[in-house]
Novice: 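Structure provided below as structure tokens; questions to follow.
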Amino acid sequence: MRELLQYTSRFKRMYQKSFQMVGERLRLSQMEIDILLFLYNNPKQNTARDVVAYRGFAKSNVSKGVEHLERMGWLKVEPDSDSRRVKRLVFRSERMDDLAELSECQHRCLEAIFADFTPQDRELLAGLLARMDANVQKYLKTLEQGENE
């Protein structure tokens with residue numbers, strides 16, 4: 001268990017350091033970078049609610065980050081055409097080059113992680129992670145059912 005915790009800690013530190021220089025230059029926090037990259041990589045999940053649900057960030061942190069990104073000219077918040085209650089997060093066109101730079105930084109980070117992995121290694125890892133996720137979901141369901149009793 002200790003090894004897993006050390007791995008996740010080192011991964012998080014490496015990931016954050018990968019963005020440190022570009023984040024400072026663009027005046028973005030790591031949370032703001034994470035929000036932008038989630039939206040960039042998942043164009044159909046373009047609400048703050050999606051960011052909270054898929055990334056597991058606190059709603060208050062996402063809300064604060066989105067407000068700051070809107071003030072800084074990264075995002076526009078637009079009403080959904082089908083539901084006035086839903087607000088879509090849309091990139092401002094003048095920031096697309098900066099977004100591409102953030103995406104490239106993320107890509108370099110992931111390349112470093114998988115540098116000596118064969119396609120078979122990646123497939124095996126994906127299968128193992130899927131099994132772990134299934135176990136997590138099953139156990140989480142058990143825990144949540146216990147809360148409702």
Side-chain angles (χ1 to χ4, degrees), residues 1-137 139-140 143:
M1 180 60 142
R2 195 175 105 218
E3 292 83 8
L4 180 60
L5 294 174
Q6 288 175 328
Y7 164 74
T8 56
S9 176
R10 280 191 300 268
F11 171 79
K12 185 176 179 180
R13 194 169 74 241
M14 180 197 85
Y15 191 78
Q16 290 174 344
K17 281 196 173 290
S18 296
F19 290 100
Q20 189 171 356
M21 285 179 38
V22 69
E24 287 173 3
R25 185 173 51 75
L26 297 173
R27 298 188 348 254
L28 294 171
S29 69
Q30 187 63 49
M31 174 60 68
E32 293 161 348
I33 291 169
D34 291 342
I35 291 168
L36 290 170
L37 285 171
F38 173 82
L39 296 169
Y40 189 79
N41 293 326
N42 303 282
K44 292 188 188 313
Q45 283 79 42
N46 60 0
T47 67
R49 181 179 295 180
D50 292 329
V51 177
V52 169
Y54 287 97
R55 288 300 314 266
F57 297 144
K59 187 177 177 181
S60 59
N61 291 340
V62 172
S63 178
K64 182 180 172 185
V66 167
E67 286 175 12
H68 190 242
L69 290 166
E70 186 179 18
R71 279 195 316 272
M72 290 181 61
W74 286 87
L75 297 173
K76 294 183 282 185
V77 180
E78 298 180 347
D80 184 78
S81 58
D82 296 330
S83 173
R84 293 180 317 183
R85 291 176 41 181
V86 175
K87 304 292 185 212
R88 300 284 170 196
L89 305 176
V90 180
F91 292 119
R92 293 193 173 272
S93 59
E94 58 269 21
R95 290 296 199 159
M96 293 311 288
D97 287 343
D98 293 329
L99 285 163
E101 182 180 358
L102 289 172
S103 179
E104 179 58 33
C105 187
Q106 183 181 49
H107 183 73
R108 283 191 307 270
C109 182
L110 294 173
E111 278 184 343
I113 292 168
F114 293 107
D116 61 350
F117 278 54
T118 66
Q120 295 81 7
D121 291 337
R122 290 179 184 220
E123 192 174 315
L124 177 62
L125 178 61
L128 294 171
L129 291 172
R131 284 175 48 199
M132 286 176 65
D133 184 54
N135 291 338
V136 167
Q137 288 183 52
Y139 189 62
L140 191 56
L143 293 172

Novice: Taking only residues two or more places apart in sequence, or in another chain, which ones meet Lys64 in a salt bridge (charged side-chain N to carboxylate O under 4.0 Å, His left out)?
Specialist: none
Novice: Would you list the pairs meeting ring pair (Phe, Tyr, Trp, His ring centres under 6.0 Å) in which at least one residue belongs to residues 70-114, sequence neighbours left out?
Specialist: Phe114-Phe117
Novice: Leu128: which residues meet the side-chain contact (heavy atoms from CB on, under 4.5 Å) condition with it, sequence neighbours left out?
Specialist: Leu124, Arg131
Novice: Among all residues two or more places apart in sequence or in another chain, which pass the side-chain contact (heavy atoms from CB on, under 4.5 Å) test with Thr118?
Specialist: Gln120, Asp121
Novice: Which pairs pass ring pair (Phe, Tyr, Trp, His ring centres under 6.0 Å) with one or both residues in residues 12-37, sequence neighbours excluded?
Specialist: Phe11-Tyr15, Tyr15-Phe19
Novice: Only counting residues at least two apart or in another chain, list the ones meeting salt bridge (charged side-chain N to carboxylate O under 4.0 Å, His left out) with Arg27.
Specialist: none
Novice: Identify, with sequence neighbours excluded, every residue that meets side-chain contact (heavy atoms from CB on, under 4.5 Å) alongside Leu129.
Specialist: Leu125, Met132
Novice: Who pairs with Tyr40 by ring-ring contact (aromatic ring centres under 6.0 Å, His included), at least two apart in sequence or on another chain?
Specialist: none
Novice: Sequence neighbours excluded, which residues qualify as salt bridge (charged side-chain N to carboxylate O under 4.0 Å, His left out) partners of Glu67?
Specialist: none
Novice: Which residues pass the salt bridge (charged side-chain N to carboxylate O under 4.0 Å, His left out) test with Arg122, sequence neighbours left out?
Specialist: none
Novice: Compare all side-chain heavy atoms of Glu101 with those of Glu104 and state whether any distance is below 4.5 angstrom.
Specialist: no
Novice: Applying side chain to side chain donor-acceptor pair (under 3.5 Å), name anything that partners Arg2, two or more places apart in sequence or on another chain.
Specialist: none
Novice: Only counting residues at least two apart or in another chain, list the ones meeting side-chain contact (heavy atoms from CB on, under 4.5 Å) with Arg49.
Specialist: Thr47
